A.B. asks: 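Input: one structure, supplied below.
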There are 2 protein chains.
Amino acid sequence: MDKPATNIDTIAKTCIAGRLRLINRVVSSIYDDALRPFGLKISQGNILIFTGKLGIASPVQICEYLQLDASTLSRNVELMRKNGWLEEVPGEDARSRPFRLTEEGKRLIESAIPAWEKAQAEAKELLGDDFVSSLNKAAKRASESNRA
Amino acid sequence: MDKPATNIDTIAKTCIAGRLRLINRVVSSIYDDALRPFGLKISQGNILIFTGKLGIASPVQICEYLQLDASTLSRNVELMRKNGWLEEVPGEDARSRPFRLTEEGKRLIESAIPAWEKAQAEAKELLGDDFVSSLNKAAKRASESNRA
DNA sequence: CGACGATAGTTGTAGATACAAATAAAGCAG
DNA sequence: CTGCTTTATTTGTATCTACAACTATCGTCG
């Protein structure tokens, strides 16, 4: 009710961003470790997955879904294209550079699924059911937020 | 009960790491925007906060609390030292390089608190109470996990 | 059709992040 | 005291990330 003076200890104990970033580091490392044998990191893995879901994906679509900066996606796509996992698809609008999974990209995903399942189980175990169940709703909200 | 074949759609809909990374991007940008007038980002802010909490902090302590790689911290500390927010403190063990907040660093934190409060409120509003309440427990677990 | 604003991507720059390898000092076994 | 192991940190390298600025194309209004 009252508004106590915020101090360093309060921030250390309650900062949402700090906690999220910490959890993010730990969880990403779980998935990165599991996917390392495939030369894949979860950052790129999620882009591949959404590309596969869309069939033909435009950068702007992926950026909107994942709330990624366009320049970040651009560089990630370039790397995955070099790896042979994605290929460009010519489209009508010359401004856009849509892309899709290559056959090799599809095979990569298929082969990495057991590793993903293992990481997913480990993350669930670590974070607890409460947190994981509330994650969906929060992610939906965040994905739909239009911060710039 | 049964174990259905995991497919791309399942992963897209359920991947914990993907959701966390998405939320992390959105939430970090809320705090970064709020802190930008101070030349501070939330990544460095959290290190400053924990340093302040400890008084004199060693890299290894901060890394353990925040589950940060030592090399990451090393570079972040170097930047903040150049900014005049942190200073080294000589210690007994010549292997360690403990540091603490400078007066300027303390003033920076004090002045940025209202901006932090604003970002914190915005993040809470965006993510919802369920998620935020489950965050503490999850972060504690993640912080104590000894991956690595 | 021509100018102009909106949309889509890329490039320059910089910080955040981690892994592997290198460096340096402490501790310990003998 | 000497050599080996452990601990603490830094450096090399690469990816992830975003902001600002730039380029190219599209749409539209006249």
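The chains referred to below are lettered A, B, ... by the order of the sequence lines, with proteins before strands, and numbering in each begins at 1. Computed from a predicted structure; not experimentally measured.
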A.B. asks: Could you tell me whether the side chain of B/Ile30 reaches within less than 4.5 Å of the side chain of A/Ile16, counting heavy atoms only?
C.D. replies: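 No. Closest side-chain heavy atoms not under 4.5 Å.
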A.B. asks: Any protein N or O atoms within reach of nucleotides 13-15 of chain D? Criterion: under 3.5 Å, listing atom names and distances.
C.D. replies:
| from | atom 1 | to | atom 2 | distance (Å) |
| --- | --- | --- | --- | --- |
| D/dT13 | O4 | B/Arg75 | NH2 | 3.4 |

A.B. asks: Strictly below 4.0 Å, N to O, side chains only: are B/Arg75 and B/Glu78 in salt-bridge contact?
C.D. replies: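 Judged by the 4.0 Å cut-off on N to carboxylate O distance, B/Arg75 and B/Glu78 do not form a salt bridge.
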A.B. asks: Is it true that B/Glu103 and B/Lys106 have a side-chain N and a carboxylate O under 4.0 angstrom from each other?
C.D. replies: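 B/Lys106 and B/Glu103: salt-bridged.
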A.B. asks: Is the shortest distance from a Lys or Arg side-chain nitrogen in B/Lys53 or A/Asp9 to a carboxylate oxygen in the other one below 4.0 Å?
C.D. replies: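 Here B/Lys53 pairs with A/Asp9 in a salt bridge, since their nearest N and O are under 4.0 Å apart.
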A.B. asks: In whole angstrom, give the distance that lies between atom CD1 of B/Ile47 and atom C1' of C/dT17.
C.D. replies: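 Result: 11 Å.
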A.B. asks: Do A/Ser29 and A/Asp32 have a side chain donor and acceptor closer than 3.5 Å?
C.D. replies: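 Judged by distance alone, the side chains do not pair up.
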A.B. asks: Round to the nearest Å and state the distance from B/Leu66 atom CG to C/dA18 atom P.
C.D. replies: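 Rounded to whole Å, this separation is 10 Å.
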A.B. asks: CG of B/Asn83 versus P of C/dA14: gap in Å, rounded?
C.D. replies: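 About 14 Å, once rounded to whole Å.
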A.B. asks: Rounded to whole angstroms, how far apart are CG on A/Asp32 and P on D/dC16?
C.D. replies: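 Interatomic distance, CG of A/Asp32 to P of D/dC16: 9 Å.
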A.B. asks: In whole Å, what is the span from the CD1 atom of A/Ile62 to the P atom of C/dG9?
C.D. replies: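 Taking atom P of C/dG9 as the reference, CD1 of A/Ile62 is at 11 Å.
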A.B. asks: Just checking B/Ala70: base, sugar-phosphate only, or nothing, at a heavy-atom cut-off of under 4.0 Å?
C.D. replies: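 If one applies the 4.0 Å heavy-atom cut-off, B/Ala70 turns out to touch a base.
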A.B. asks: N/O contacts under 3.5 Å, protein versus nucleotides 1-8 of chain D?
C.D. replies:
| from | atom 1 | to | atom 2 | distance (Å) |
| --- | --- | --- | --- | --- |
| D/dT7 | O2 | B/Arg95 | NH1 | 3.4 |

A.B. asks: Evaluate B/Glu144 against B/Lys140 for salt bridge (Lys or Arg N to Asp or Glu O under 4.0 Å), listing each step before the verdict.
C.D. replies: CA-CA 6 Å; B/Glu144 286 164 1; B/Lys140 195 167 165 57; 3.3 Å; yes
A.B. asks: For A/Leu73, report the nucleic acid contact type (base, sugar-phosphate, nothing); a contact means any heavy atom under 4.0 Å.
C.D. replies: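 If one applies the 4.0 Å heavy-atom cut-off, A/Leu73 turns out to touch nothing in the nucleic acid.
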A.B. asks: Would one find a side-chain N or O of A/Arg36 under 4.0 angstrom from OP1 or OP2 of C/dC19?
C.D. replies: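 So the side chain of A/Arg36 is within the cut-off, an N or O lying under 4.0 Å from OP1 or OP2 of C/dC19.
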A.B. asks: Nearest-nucleotide wise, let me know which of A/Ser71 and B/Pro98 is further upstream toward the 5' end of DNA chain D.
C.D. replies: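 It is B/Pro98 whose nearest nucleotide is closer to the 5' end.
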A.B. asks: Taking the side chain as C-beta and beyond, is there a heavy-atom pair between A/Leu20 and B/Leu127 under 4.5 Å?
C.D. replies: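 In contact.
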A.B. asks: Over how many whole Å does the gap from A/Phe99 atom CZ to C/dT10 atom C1' extend?
C.D. replies: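 To the nearest whole Å, that distance equals 14 Å.
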A.B. asks: Output yes when at least one side-chain N/O atom of B/Arg21 is less than 4.0 Å from OP1 or OP2 of D/dT17, else no.
C.D. replies: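 Result: yes.
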A.B. asks: Are A/Tyr31 and A/Gln120 linked by a side-chain donor-acceptor pair shorter than 3.5 Å?
C.D. replies: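 Judged by distance alone, the side chains do pair up.
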A.B. asks: Rounded to whole angstroms, how far apart are CG on A/Leu68 and C1' on C/dG9?
C.D. replies: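 After rounding, the gap between these two atoms is 14 Å.
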A.B. asks: Within the 3.5 Å criterion, strictly below it, is a donor on B/Ser134 or A/Ser134 matched to an acceptor on the partner's side chain?
C.D. replies: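 The answer is yes; a qualifying pair exists.
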A.B. asks: OP1, OP2 of C/dA18 versus side-chain N and O of B/Thr72: anything below 4.0 Å?
C.D. replies: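 Looking at the OP1 and OP2 atoms of C/dA18, one of them is under 4.0 Å from a side-chain N or O of B/Thr72.
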A.B. asks: Do you know which two heavy atoms are closest between A/Ser145 and B/Val26, and how far apart they sit?
C.D. replies: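 Smallest heavy-atom distance, with atoms named: OG-CG1, 3.7 Å.
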A.B. asks: Expressed as a whole number of angstroms, how long is the span from B/Asn24:CG to D/dA18:P?
C.D. replies: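 It works out to 9 Å between those atoms.
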A.B. asks: The side chain of A/Asp69 is closest to which nucleotide in this list: C/dA25, D/dT11, D/dA18?
C.D. replies: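 Among the listed nucleotides, the one closest to the side chain of A/Asp69 is D/dA18.
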A.B. asks: Starting at the 5' end of DNA chain C, which residue's closest nucleotide do you reach first, A/Arg25 or A/Gln61?
C.D. replies: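 Result: A/Gln61.
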